[in-house]
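Notes for the one structure printed next.
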Amino acid sequence: MNGAVVIGGSAGAVQALLTLLPALPADFARPVLIVVHVPPDHDHGLVTLFQAGCAMQVCEAEDKQVPEPGTIYFAPANYHLLVEPDGSMALSADDPVNHSRPAIDLLLESAADALRSRLIAVLLTGANQDGAEGLRAVFRAGGAAIVEDPETARVPTMPAAGLALCPEATRLAIDAIAPYLLRLA
Amino acid sequence: MSKETPEPDIDDIEIELLLEALFRRYHYDFRHYARASIKRRLIQARGRLGMTSFSALQERLLRDPEMLAKLLNYLTVQVSEMFRDPSYFRALREKVIPHLRTYPSLKVWIAGCSNGEEVYSLAILFREEGLEQRTLFYATDINPKALKAAEAGVYPLDQIRKFTENHQKSGARTSLSDYYVADYDRAIFDSSLRANVVFSDHSLATDSVFAEMHLISCRNVLIYFDRGLQERAVGLFEESLVRRGFLGLGRKESLRFSDHAAGFSDFVREEKIYQRRDR
Ligand SMILES: C[S@@+](CC[C@H](N)C(=O)[O-])C[C@H]1O[C@@H](n2cnc3c(N)ncnc32)[C@H](O)[C@@H]1O
């Protein structure tokens, strides 16, 4: 696989993604894997929500599926999403991490391990600290780390925690993230 | 040759050697499990067991069998609920049970039964549907501690609310409180529920088929395996099922990409319930 973009967010993230994802073209060169914290008991409906407005394909991540360029994959409700060393996606029903399942840290850390410098990670708005350690792992593995600017994010806690652990991360307003990804990808 | 960050590569080598040692010494085979999760849990184990490296852990493991039990509790995931995903149990009740009624005697295999939540769920469901007396349940797992807990049937009282809610949503004909007594902070389930249950140690990675099952429920186990091992397990299921027998998987597991898909038809697609084909 040619690398990937991984994105994590919590409170306010659906709004943020409604700005970010529709700005990516159908032939975006990498797969985009996303963890959004949602209540565990329901199918979160994110696929339907984003299908309409996105040029990229949108679907739910399936176990051991190899992610394709031009496609957005959401972690299913109540399962962790990880990236295997061979680049395929894996689901797990392990205990919640940082009170969350799916947890952003698990996606970012496993993807960093598998994809090293071919990974781009984005940490969005949120009211907790999930994803901060993952972001640092991405940076240390040679990948690109991006955080939504806490000053303009809906809820600054998550991106601020990301910057605290990974000060080297690139800080961008939400509408600047897609253009930046296009330049990197 | 230069390496960008050598340290993680050493971890990966050590993990491979550790899993090999575990297999050769104790015949527990985790070599073909999804690696990202295994690595995470081994990192946890290394820290909590006070080891400085996976090699140190391996050395201890090879010489000290007590280390095996400890490590197994990290390598296997014991997260479960009674009537987990109630719509699955409702589909069994409404769609599968009517077929099972036509058999004079039944065998049900719960593979990867963990602490027994799924076993008691099925025993209750079969009792509610009047099939318990003619059914023999086989509950298997590789973790001895989990099998023991399954045999005891005792759960923390604070989980009972969730279990009760799930049970109701499964189309219950009785109340869950009919089946347990509360004792301080524990709920002790009625031992008559396991009168027809055989608990045993069986690995989908290394052991062979179980005879002539009418229903196999194996939920949230295959996701921990890599593709090859998933194929092995599904192959076992296919061989173990009677023709037109049923296989139920976890919510996010499917036969869609399996080499064995041709041997099964979708029975309740959304619930990942499959039926073995006639031929
Ligand atoms: C997450 S639990 C699933 C419990 C229950 N089936 C459910 O869906 O709630 C996974 C179980 O699979 C067991 N397991 C792991 N590897 C196995 C193998 N090779 N053969 C049989 N069981 C295995 C673990 O010990 C654990 O109890």
Side-chain angles (χ1 to χ4, degrees), chain A residues 4 6 33 40-44 59-66 73-98 101-103 105-119 133-134 136-143, chain B residues 2-9 11-13 15-16 32-41 43-44 73-81 84-87 112 114 162 165-166 169 219-231 234 249-258 270 272:
Chain A
V6 290
L33 279 53
D41 271 348
H42 306 280
D43 271 340
H44 46 49
C59 53
E60 194 174 88
E62 290 194 44
D63 187 48
K64 310 289 143 53
Q65 186 185 22
V66 178
Y73 300 87
F74 281 100
N78 223 3
Y79 285 80
H80 293 299
L81 171 62
L82 298 97
V83 176
E84 284 287 293
D86 67 2
S88 65
M89 302 182 286
L91 302 179
S92 111
D94 286 24
D95 279 317
V97 172
N98 308 318
R101 187 171 60 204
D105 273 340
L106 263 54
L107 173 62
L108 268 52
E109 284 169 8
S110 60
D113 219 21
L115 302 172
R116 325 289 314 169
S117 61
R118 290 171 298 149
L119 183 68
E133 291 193 12
R136 183 171 60 185
V138 171
F139 180 78
R140 286 192 175 165
Chain B
S2 81
K3 294 225 177 83
E4 38 175 354
T5 32
E7 216 177 313
D9 293 340
D11 275 354
D12 289 340
I13 295 168
I15 287 175
E16 216 149 284
H32 304 289
Y33 281 48
R35 193 52 69 84
S37 266
I38 285 283
K39 181 169 182 179
R40 230 194 97 246
R41 281 182 265 122
I43 289 172
Q44 253 175 19
N73 291 330
Y74 287 98
L75 287 172
T76 64
V77 179
Q78 310 303 333
V79 181
S80 191
E81 285 168 22
R84 178 183 204 162
D85 308 315
S87 55
S114 191
K162 178 76 180 162
E165 191 185 309
N166 287 350
K169 288 190 198 154
R219 312 196 67 220
N220 303 299
V221 182
L222 297 185
I223 40 173
Y224 293 101
F225 296 173
D226 73 13
R227 270 276 161 82
L229 189 50
Q230 289 180 348
E231 289 300 326
V234 175
L249 302 179
R251 180 148 223 88
K252 295 298 166 195
E253 292 163 334
S254 92
L255 298 183
R256 194 140 74 93
F257 306 106
S258 168
E270 327 75 78
K272 309 295 158 65

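Chain naming here is simple, since letters A, B, ... match the order of the sequence lines and numbering starts at 1 in each.
The part of L82(A) that comes within reach of chain B is its side chain, from C-beta onward, which places non-hydrogen atoms under 4.5 angstrom from that chain. Only the side chain of R256(B) comes within contact range of chain A, with heavy atoms under 4.5 Å apart. Only the side chain of R40(B) comes within contact range of chain A, with at least one heavy atom under 4.5 Å from a heavy atom of that chain.
Although no hydrogens or angles enter the test, the distance criterion places a donor-acceptor pair under 3.5 Å between the side chain of K64(A) and the main chain of F225(B). Counting only distance, with no hydrogens or angles, the side chain of E84(A) and the backbone of A36(B) share a donor-acceptor pair below 3.5 Å.
Using a 4.5 Å heavy-atom cutoff, the side chains of Q230(B) and D63(A) are in contact.
How far CD1 of I223(B) is from NE2 of H80(A): 10.0 Å, rounded to the nearest 0.5 Å. Within the model, atoms CG of N220(B) and CG of L91(A) stand 10.0 Å from one another, a figure rounded to the nearest 0.5 Å. Going from atom CD of Q65(A) over to atom CZ of R227(B) covers 8.5 Å, rounded to the nearest 0.5 Å.
Among S92(A), A90(A), S110(A), the residue making the largest number of heavy-atom pairs under 4.5 Å with chain B is S92(A).
Considering only residues two or more places apart in sequence or on other chains, Y224(B) meets the side-chain hydrogen bond (donor to acceptor under 3.5 Å, both in side chains) condition with D94(A). A search for salt bridge (Lys or Arg N to Asp or Glu O under 4.0 Å) contacts involving R84(B) returns nothing, not counting sequence neighbours.
Electrostatic pairing of K39(B) and D113(A) counts as a salt bridge here, judged by a charged N lying under 4.0 Å from a carboxylate O.
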